[in-house]
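Read through the structure below, which is laid out as structure tokens, and then see the notes.
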Protein chains: 2
Amino acid sequence: MRLFLSFVIALLLSACAGTPSVRGTGDLGLIIERASGQVTLVDTTSRQPYARIGGLGDLSHASVVYSRDGRYAFVFGRDGGLTKVDMLEGRIVKRIIQSGNAIGGSISQDGRIVVAQNYTPGGIKAFDAGTLELLSEVPAEYAPGKFSKVVGLADVPGNKFAYALFDGGEIWVSDFSNPRQPVTKRFPAGIQPYDGLVTPDGRFYLAGLFGEDGVAMLDLWQTDKGARKILENYGRGQEKLPVFKMPHLRGWSVAQGKAYLPAVGRHEVLIVDVGTWKEVGRIPVRGQPVFVMARPDGRQVWVNFAFPDNAKIDVIDTLAGKVVQRMEPGKGILHMEFAPRGENVWLSARDDNKVVIYDTANFALLGQIAADSPSGIFFTSRAHRIGF
Amino acid sequence: MRLFLSFVIALLLSACAGTPSVRGTGDLGLIIERASGQVTLVDTTSRQPYARIGGLGDLSHASVVYSRDGRYAFVFGRDGGLTKVDMLEGRIVKRIIQSGNAIGGSISQDGRIVVAQNYTPGGIKAFDAGTLELLSEVPAEYAPGKFSKVVGLADVPGNKFAYALFDGGEIWVSDFSNPRQPVTKRFPAGIQPYDGLVTPDGRFYLAGLFGEDGVAMLDLWQTDKGARKILENYGRGQEKLPVFKMPHLRGWSVAQGKAYLPAVGRHEVLIVDVGTWKEVGRIPVRGQPVFVMARPDGRQVWVNFAFPDNAKIDVIDTLAGKVVQRMEPGKGILHMEFAPRGENVWLSARDDNKVVIYDTANFALLGQIAADSPSGIFFTSRAHRIGF
């Protein structure tokens with residue numbers, strides 16, 4: 001109740017102001033409230049909410065990217081909704097339904113093009129970041145008349161976007177240097193890529209495979225070499241363990257030249273050398289990992305888990321090579337977001353209807369924010385990074 | 001003249017507004033105009049100036065850090081001046097003279113403490129980022145009654161700062177977890193450290209040595225091991241080549257597991273493996289390098305030079321391992337700053353009184369901004385990074 005009251009008070013204060021805020025945008029963020037189609041806007045310095053906005057549609061699996069000035073959030077909903085939110089005025093600037101069934105989006109290196117990836121109809125669509133006018137689209141027609149679901153969309157340098165075709169078994173890279181006439185290159189990748197990521201420097205695109213073991217890797221600096229398979233044992237393996245949730249590849253982390261990634265179906269985090277892309281170690285954890293996320297300095301890696309272990313968090317010390325902290329911060333931990341310089345981390349506890357904030361140095365609870373079934377948490381510092 | 005007029009018009013427009021801007025701060029920046037004690041504020045999306053502020057004192061070798069919301073710039077002047085600038089209102093919020101002779105500063109991980117490093121009196125001072133109230137100081141008294149110049153100050157995780165004592169030959173790490181009672185650890189480093197840097201992840205502190213060859217390195221994750229010497233041939237060497245300007249260590253870059261660093265006195269950029277800290281290659285360039293800066297994705301490394309080659313820029317392709325672009329963008333190129341996602345780079349041409357902006361993909365000139373003997377260029381995206 002106390003939590004709820006402080007939330008109401010913060011919102012009232014915000015509403016009283018009436019005029020848009022003159023303030024910096026570097027320390028703002030947005031929490032997805034998946035059950036109610038709302039988002040809560042937060043200040044990461046005061047660690048308080050300052051606005052709540054409804055009417056964003058189906059926000060299950062929603063994700064967010066930011067304009068390069070940090071003022072506008074682009075929220076991609078599951079129902080094909082694309083909503084532009086003004087973080088300073090705390091209101092929706094524009095909202096369109098751009099497809100029937102969507103799964104996230106991205107923003108170009110120059111900040112001028114917002115791209116959505118769609119299941120139905122399969123493909124990607126590019127919109128003007130200012131007006132949300134449709135600029136162009138790339139249907140994922142991998143064979144005549146056959147369209148694929150698109151997954152794993154990521155921006156890469158040169159106003160390009162890389163993504164994978166689940167049904168088509170390919171990685172595509174589309175160059176939007178001319179936003180109305182994108183040029184696409186296709187690379188065979190493997191059976192049923194189900195998610196993808198680009199390394200933090202924007203060089204390597206990796207797609208996890210659902211239909212076979214292994215990961216498809218495309219070196220974006222040398223695309224003429226095509227995609228190749230790495231980590232040939234990565235996946236469900238021969239034993240076909242029960243997999244409660246395929247891990248998010250976007251939850252992979254690279255720290256100190258090593259990638260930390262969730263094992264599929266096993267209670268382990270895998271360590272892979274980024275120079276050779278070979279596995280060099282495994283760390284036991286308390287469940288099937290979903291997100292495996294490094295603190296920005298790479299010293300810690302935080303791990304959350306699939307049901308039934310989704311109330312737990314394990315923290316790995318990358319120097320010690322083992323779990324050094326075990327926590328139960330709330331029920332249904334779905335996502336985590338670090339402050340850009342890593343001093344604290346925000347965790348969404350969906351089934352406790354709150355977001356909890358921890359100090360990463362001493363694991364002290366710094367605060368909590370009421371939210372209605374919170375899922376993704378997205379800070380404006382993402383505007384300055386490659387590969388979202 | 002045309003450049004000058006467009007500048008005047010931009011300033012008039014800005015002045016007409018009269019009220020502070022409601023706008024994002026993620027795409028703002030500040031250009032130091034060293035000769036006139038002024039700064040020009042710029043918008044990196046429109047690539048235009050929007051305000052000019054005078055009265056900042058001696059700005060030779062000035063540097064800037066930002067509050068975590070991106071609204072406030074802290075400008076450290078050569079004369080010990082510390083000036084807090086409001087990037088939205090385009091005005092000085094507060095200005096103090098905190099020492100007689102200073103050489104830059106930094107801001108803590110949590111954004112609450114601004115620290116200046118001083119030559120006279122030698123030491124560091126910590127200020128409240130909100131009020132600029134003095135919180136504490138650490139005199140660099142390395143032996144009874146002997147005070148050292150402080151160089152190479154950098155913020156590191158845990159609200160700590162690492163820095164080097166030129167006269168004392170030591171690296172110090174001060175923990176400001178309690179801002180009024182910092183706790184300092186001392187590490188012998190070598191003869192006359194003259195500059196320092198922390199790697200982008202905040203783990204390794206490196207100090208270049210003026211009095212001997214080699215670089216002192218302290219692993220901040222394992223400070224009990226003390227500082228050790230790496231790159232034993234790095235420096236002026238036996239031949240004592242004429243060195244026109246000691247290169248900025250802050251200009252080192254780490255990309256793809258390799259560090260690119262300016263050779264001292266030689267027309268070369270050295271490549272060092274960050275895993276072993278051994279030299280693995282050299283790339284010939286057209287002068288004595290000063291700044292060797294990687295584009296954020298690490299594909300390119302841009303190099304500027306000491307007099308008499310300070311009108312030149314060489315661009316190294318890190319995949320090809322050689323210079324792929326040679327430019328003469330203006331006279332007296334002192335500094336460069338990349339857009340946070342690397343799509344363009346801003347270069348200050350001091351002796352041409354302008355800042356030039358290039359597209360890093362095709363090396364096209366995108367624009368130029370008039371400025372009075374510009375030196376440092378600092379974008380607000382620095383607020384989100386470790387080690388400045």
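By convention in this document, chain letters (A, B, ...) are assigned in the order of the sequence lines, proteins followed by strands, and residues within each chain are numbered from 1. Note that the structure is predicted; figures quoted are calculated from it, not measured.
If you take NZ on Lys84(A) and OG on Ser67(A), they are separated by 7.0 Å, rounding to the nearest 0.5 Å. Taken to the nearest 0.5 Å, the OH atom of Tyr205(B) stands 7.0 Å off from the CG atom of Leu153(B). A distance of 3.5 Å separates CD1 of Ile283(B) from CD1 of Ile271(B), quoted to the nearest 0.5 Å. Taken from OG1 in Thr318(A) to NZ in Lys258(A), the straight-line distance is 9.5 Å, to the nearest 0.5 Å.
Ranked by heavy-atom pairs under 4.5 Å with chain A, the list Glu89(B), Gln256(B), Arg71(B) is led by Gln256(B). Contact tally against chain A (heavy-atom pairs below 4.5 Å) for Thr199(B), Asp86(B), Val156(B), Asp155(B): the top residue is Asp155(B). Put simply, of Arg299(B), Arg23(B), Arg203(B), Arg112(B), the one with the most heavy-atom pairs under 4.5 Å next to chain A is Arg299(B). Contact count versus chain B (heavy atoms, under 4.5 Å) is highest, among Thr45(A), Asp43(A), Asp110(A), for Thr45(A). The choice from Ala383(B), Gly387(B), Gly111(B), Gly70(B) that makes the most heavy-atom pairs within less than 4.5 Å of chain A is Ala383(B). By number of non-hydrogen pairs under 4.5 angstrom with chain A, the leading residue of Thr360(B), Leu319(B), Asn362(B), Leu28(B) is Leu319(B).
Annotation for Gln181(B): atom CD does not count as buried by contact number, only 12 or fewer foreign heavy atoms lying within 6.0 Å.
Looking at Thr44(A), both its backbone and its side chain come within 4.5 Å of chain B, counting heavy atoms on both sides. The part of Phe204(B) that comes within reach of chain A is its side chain, from C-beta onward, which places non-hydrogen atoms under 4.5 angstrom from that chain.
Between Trp346(B) and Phe379(B), the ring-plane angle classifies as perpendicular under the 30° and 60° cut-offs.
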